[in-house]
Amino acid sequence: MSTLYIRLPSKTAADSLQPGMPLYCQYAVASSGGAVEREGMAALSELAEPVSKVQRVVLLLAASDVTLLRVKVPPLPAAKLKAALPNLVEDELMSDPAECVLAAGAAHDDMRTIGVVHRAWLELLSNSLLALGARRISALPSQLCLPAPADGVHACVVEQGEDVEVALRLGEQEGIGLAILPEQPESAASEAIQSLAVIVPQSPITLYVPQARMRDYQEALHLAPVQQERIKLSVDHWARWIAGAERAQPDLMTGLPMAAGSTLNWRPWRWPLALAASLLVVNALGMNIEWLRAKREADVLRAGIIQTYKAVYPKDTVIVDPLAQLRQKLAAAQRESGQLAPDDFIALSAALGEGLGNAVQGASPVASLEYREHSLRMKLKQGSTVPMEALRTALAARNLSIAQAEGGVWQIRSAK
């Protein structure tokens with residue numbers, strides 16, 4: 001899964017742009033292992049193609065745009081901590097907390113690093129990236145993406161046009177941003193080194209500068225021999241920022257409701273979902289076609305039965321269920337001709353008597369017989385036993401079935 005890293009200019013530089021002018025920023029696309037696949041500089045509005053292809057977009061906010069506060073915070077659940085942050089940092093902010101996005105990092109020695117950024121600026125960036133197709137967005141303070149200093153300070157010069165900024169990481173959880181306003185573009189290097197010497201008067205400094213500007217910073221450092229011993233120059237590159245961003249916190253985007261975008265990437269599932277939808281449509285269509293065919297066959301069969309019934313009984317005008325009515329007519333005709341129906345009382349009792357005679361020797365074990373709903377209900381005498389398997393076999397030979405009902409009663413029915 002690739003990740004797009006965007007290093008933004010400061011909000012002050014963006015505000016100085018004329019209406020309609022694009023906001024240019026440095027970017028890099030890295031693989032899941034951190035290898036840089038592509039890098040360059042482009043307007044934010046021109047990054048639709050890489051934004052739509054990557055799994056995550058990481059914004060490296062200008063250090064001067066993010067204020068980092070070290071605050072002692074009581075142990076609270078995440079939701080309550082988010083609600084309490086404005087009250088915890090209100091006294092340390094010069095602006096209204098409602099105009100800022102607040103996000104807390106992990107706890108260290110009962111202290112938390114609180115990141116503060118202007119809400120309107122972060123919302124503008126978030127909405128722009130979501131409009132370009134971003135699925136998941138993170139926003140990190142760039143000063144905390146620098147290497148954690150072990151015995152000094154790490155700083156980086158970020159130059160984007162006339163916007164020059166120095167990001168400093170002073171400690172594990174501390175960092176600041178310094179905007180440089182050079183009188184002339186060629187004096188930016190010397191002014192950046194002078195500002196660093198003032199802010200960090202004693203500690204060793206590792207300063208990362210752009211490759212194209214390395215000679216200028218070497219010359220500026222040569223003109224300040226006092227600082228040569230404690231300021232070490234190194235070329236800035238994306239691999240260092242990417243490695244630092246993997247460990248940096250807090251994520252300022254967590255302070256915006258629903259701003260980080262969906263964490264589920266639907267793009268890889270487009271074709272499987274389309275195939276599943278197609279299969280459902282084909283199956284539903286096939287089932288409906290089969291149902292219509294069966295319904296037509298049933299209609300033709302019913303029409304044939306009704307036609308046959310009318311031909312046999314032309315005087316009947318009300319035909320609800322021709323098959324049931326035909327069975328009733330046949331049973332009535334059999335009774336009128338003296339034939340017994342298989343479920344008549346006489347037929348059932350006669351067949352039961354023959355079956356008991358073959359299965360039971362001696363006196364009859366039957367206590368009572370009751371004819372109800374075309375079935376014969378038999379109750380045995382108390383203490384008498386009947387070999388039911390033998391009786392069931394004898395009754396089956398006469399097309400009868402026997403089953404036990406409630407209250408110790410046996411029910412005999414015609415199997416026809």
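Atoms considered below: every heavy atom in the structure, side chains included; atoms not considered: hydrogens, waters and symmetry mates.
With a 4.5 Å cut-off on side-chain heavy atoms, R7 and V158 count as touching. Side-chain contact check for Y5 versus W241: every heavy-atom pair is 4.5 Å or farther apart. When side chains are defined from C-beta on, L4 counts as touching V29, because their heavy atoms get closer than 4.5 Å. Side-chain contact between V153 and T206: absent, with no pair of heavy atoms (C-beta onward) separated by less than 4.5 Å. Residues R70 and L68 are not in side-chain contact: their nearest non-hydrogen atoms beyond the backbone lie 4.5 Å or more apart. For the pair E290/M287, no side-chain contact is recorded, criterion being any heavy-atom separation below 4.5 Å from C-beta on. L129 places none of its side-chain heavy atoms less than 4.5 Å from the side chain of L47. Proximity of Q26 to M41: side-chain heavy atoms (C-beta onward) are separated by under 4.5 Å at one or more points.
Atom OG of residue S31 and atom CD of residue E37 lie 5.0 Å apart, to the nearest 0.5 angstrom. Note: I114 CD1 to L102 CG = 7.5 Å, rounded to the nearest 0.5 Å. Residue S401 holds its OG atom at 7.5 Å from CZ of R413, rounded to the nearest 0.5 Å. Between atom CG of residue L256 and atom CD of residue E123 there is a gap of 5.5 Å, rounded to the nearest 0.5 Å. Atom-to-atom distance recorded for L88:CG and L69:CG is 11.0 Å, nearest 0.5 angstrom. Taking OG of S64 as the start and CD of Q143 as the end, the distance is 8.5 Å to the nearest 0.5 Å.
Distance alone, capped at 3.5 Å, is enough to place a donor-acceptor pair between the S142 side chain and the L61 backbone. In this structure a side-chain-to-backbone donor-acceptor pair under 3.5 Å is present from Q249 to A106. No donor-acceptor pair closer than 3.5 Å links the side chain of S126 to the backbone N or O of L122. At distances below 3.5 Å, at least one donor-acceptor pair connects side-chain atoms of D65 with backbone N or O atoms of K11. In this structure, the side chain of Q325 engages the main chain of D321 through a donor-acceptor pair within 3.5 Å. Panel note: side chain R230, backbone P204; no donor-acceptor pair is recorded below 3.5 Å. Side-chain atoms of R169 come within 3.5 Å of backbone atoms of L144 as a donor-acceptor pair (strictly under, hydrogens ignored). Side-chain N or O atoms of R135 include one that pairs as donor or acceptor with a backbone N or O of V54 at under 3.5 Å.
Of all non-hydrogen atoms in P210 and V157, the two that sit nearest each other are CD-O, 3.8 Å. Considering every non-hydrogen atom in both A139 and M253, the closest pair reads CB-CE, 3.9 Å. Contact detail for A155 and V166: the closest heavy-atom pair is CB-CG1, 4.2 Å. L252 and G115 make their closest contact through CD1-O, 3.5 Å (heavy atoms, listed as atom of the first residue, atom of the second, distance). Counting all heavy atoms, side chain and backbone alike, R38 lies closest to P50 at NH1-CB, 4.4 Å. Across Y217 and L207, no two heavy atoms sit closer than the pair CD2-CD2, 4.3 Å.
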Problem - Evaluation steps, side chain to side chain contact (heavy atoms under 4.5 Å, CB included), between T3 and V57 - result: CA-CA 6 Å; T3 303; V57 177; over 6 Å; no
Handout entry: Derivation of the side chain to side chain contact (heavy atoms under 4.5 Å, CB included) call for L168 and L146
Key = CA-CA 8 Å; L168 295 91; L146 291 170; 5.9 Å; no
Practice task
Please lay out, stage by stage, how Y208 and H237 fare under the test side-chain hydrogen bond (donor to acceptor under 3.5 Å, both in side chains).
Solution key: CA-CA 8 Å; Y208 307 106; H237 54 79; over 6 Å; no
Exercise for the section: May I have the step-by-step check of side chain to side chain contact (heavy atoms under 4.5 Å, CB included) for Q211 and D236, ending in yes or no? Expected result: CA-CA 7 Å; Q211 175 72 51; D236 184 27; over 6 Å; no
Problem - Derivation and outcome, side chain to side chain contact (heavy atoms under 4.5 Å, CB included), residues R240 and S234 - result: CA-CA 11 Å; R240 184 180 296 112; S234 182; 3.8 Å; yes
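Heavy atoms of other residues, nucleotides or ligands lying less than 6.0 angstrom from CD of E92 number more than 12.
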For residues 193-203, tabulate all N or O donor-acceptor pairs below 3.5 Å that involve a side-chain atom, not counting sequence neighbours.
{"residue": "S195", "atom": "OG", "partner": "E191", "partner atom": "O", "Å": "2.9"}

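If you check the side chains of E165 and S10, you find no donor sitting under 3.5 Å from an acceptor.
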